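All remarks here apply to the structure that follows.
Small disclaimer: the values here were computed from a predicted structure and weren't measured. The sequence lines fix the lettering, A, B, ..., with proteins before strands; numbering per chain opens at 1.
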Amino acid sequence: MKKVRFAPSPTGSLHVGNALSAVANRGFGDWLLLRIDDTDPARNVPGGDEELLRDLEWLGVEWDEGPVRQSERGERHVEAGRQLGERFEGVTLLREDGTPTYHLASVVDDVDFEITHIVRGNDHRPNEELHRRLFEALGATPPEVVHHGLILGEDGKKLAKRAEGATVASLRDAGIPPEAVRRYLYELGLPKHDVHYDLPRIRRLAIEAIGALSDRELAERVGAPLELVPALRGARDLNEAREYAASILEEPERVAVDSPETLERFRELLERGDDSADPKELVRELKAVGGDLRALRLALTGRDRGPELWAVVAALPHGEALRRIDAAL
RNA sequence: GCCCCCGUCGACUAGCGGCCUAGGUCACGGCCCUUUCAAGGCCGUAGCACGGGUUCGAAUCCCGUCGGGGGCACCA
């Protein structure tokens with residue numbers, strides 16, 4: 001059985017690079033320990049671990065044990081550190097104040113939790129040798145180590161946390177469905193070399209993820225009634241879908257409309273309620289008589305852009321549509 | 001400076017000696033659809049870092065060069 005661990009520092013919302021590690025570990029291991037590496041108080045941000053957990057849950061990454069906080073295992077680390085000698089090969093294992101450093105805490109925990117495989121970013125590669133010797137000094141068999149490439153920004157440097165879409169939270173806030181993020185990270189797999197962050201790719205996957213949602217799921221995520229779904233299709237992310245929903249649900253602001261004939265014609269067709277009640281057919285008829293469809297959209301939604309007009313008409317109850325027409329006239 | 005990784009279209013990759021005048025996806029460009037922004041459909045531009053080997057044959061194997069990244073902390 002492959003026992004792996006994902007061990008982020010609680011520095012707030014998960015960086016996509018860390019998320020890559022999380023997904024990679026989940027995909028690689030049979031058993032996953034979630035460990036919070038909080039040995040450096042200076043790095044920890046308040047509430048950082050809760051944010052972390054929330055991000056992992058949102059991504060759908062599940063763990064089998066934990067979260068284990070390293071700060072709670074300090075005594076065990078110190079004990080192991082004494083055993084190894086505080087100047088182990090010239091590397092500091094215990095700080096002057098007696099607290100353990102990352103190297104010590106990480107290896108001791110990996111030993112105690114019987115981790116068999118370590119999957120982590122390239123930035124840890126230089127630690128591999130030291131850690132291997134620490135494992136051996138502790139009388140344990142060093143785990144197999146797999147390093148994966150880092151996610152780079154446009155500048156070719158490690159993606160800054162401030163960069164657009166660099167944190168899981170920012171993607172969630174941008175209305176990207178979790179499936180899209182997970183899929184992107186899954187596609188990257190265990191990159192051998194560093195890779196450029198591809199936000200357009202995530203946006204693409206978001207479109208596909210939304211397309212794959214059933215009507216009911218889409219309505220639920222957007223928080224809109226089921227009848228609105230036809231008008232929601234074509235949105236590129238959940239935020240856009242919410243905006244589409246709002247354009248139909250919200251009372252339009254009072255707008256000046258130039259083409260009363262088109263609105264009146266629309267009202268007639270709607271009231272007649274025969275074949276032309278089919279929204280597509282209705283729009284086609286208005287188009288055939290050279291109607292001002294732009295004015296109609298404006299009257300119905302208060303906006304000059306949005307879902308295709310027939311979808312707006314379909315999503316709007318007739319009574320409400322008539323009311324908005326009257327208000328605009 | 002030293003150590004470690006890596007190098008196929010703009011991006012992510014397929015390729016693991018002949019099936020490659022290099023395939024896919026995204027991005028980009030064009031057309032269609034849409035009296036809107038999108039979504040969708042069709043078409044297109046574009047790449048094996050360079051130089052030596054090995055071989056009948058190299059994107060694929062070897063060496064060198066160049067390029068990129070990471071590290072050289074009482075940070076993780």
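- In this view, A:His117 and A:Phe28 satisfy the ring-ring contact (aromatic ring centres under 6.0 Å, His included) rule, not counting sequence neighbours.
- Between the side chain of A:Tyr244 and the base of B:C37, at least one donor-acceptor pair of N or O atoms lies under 3.5 Å.
- Between B:A76 and A:Ser106, no contact under 4.0 Å exists linking OP1 or OP2 to a side-chain N or O.
- When Watson-Crick and G-U wobble pairs are counted only if both distances are under 3.5 Å, B:G1 pairs with B:C72.
- For A:Arg43 and B:C74, the shortest distance from a side-chain N or O to OP1 or OP2 is not below 4.0 Å.
- Pair assignment for B:C66 gives B:G7, based on Watson-Crick or G-U wobble hydrogen-bonding distances that are each under 3.5 Å.
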Produce the list of close N/O pairs, under 3.5 Å, pairing protein atoms with atoms of nucleotides 25-30 of chain B; give distances to one decimal.
from, atom 1, to, atom 2, distance (Å)
B:U25, O2', A:Arg201, NH1, 2.9

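- At least one side-chain nitrogen or oxygen of A:Thr92 sits closer than 4.0 Å to the OP1 or OP2 atom of B:C74.
- The side-chain heavy atoms of A:Phe88 and A:Leu130, taken from C-beta on, include a pair separated by under 4.5 Å.
- Salt-bridge annotation for A:Glu144 and A:Lys2: absent, with no side-chain N of the basic residue lying under 4.0 Å from a carboxylate O of the acidic one.
- Judged by the 6.0 Å and 45° rule, A:Arg172 forms a cation-pi pair with A:Trp58.
- Look at A:His196 and you won't find any side-chain N or O under 4.0 angstrom from OP1 or OP2 of B:G10.
- The closest side-chain heavy-atom distance from A:Asp37 to A:Tyr102 is below 4.5 Å.
- The base of B:U36 does not come close enough to the side chain of A:Arg294 for any donor and acceptor atom to sit less than 3.5 Å apart.
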Which atom pairs link the protein and nucleotides 2-9 of chain B when you take only N or O atoms and keep those under 3.5 Å?
from, atom 1, to, atom 2, distance (Å)
B:C5, O2', A:Arg125, NH2, 3.4

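- Note on A:Glu320 versus A:Arg324: salt bridge recorded, some NZ/NE/NH1/NH2 to OD/OE distance being below 4.0 Å.
- Protein atom CG of A:Leu94 is 18 Å distant from nucleotide atom P of B:A73, rounded to whole Å.
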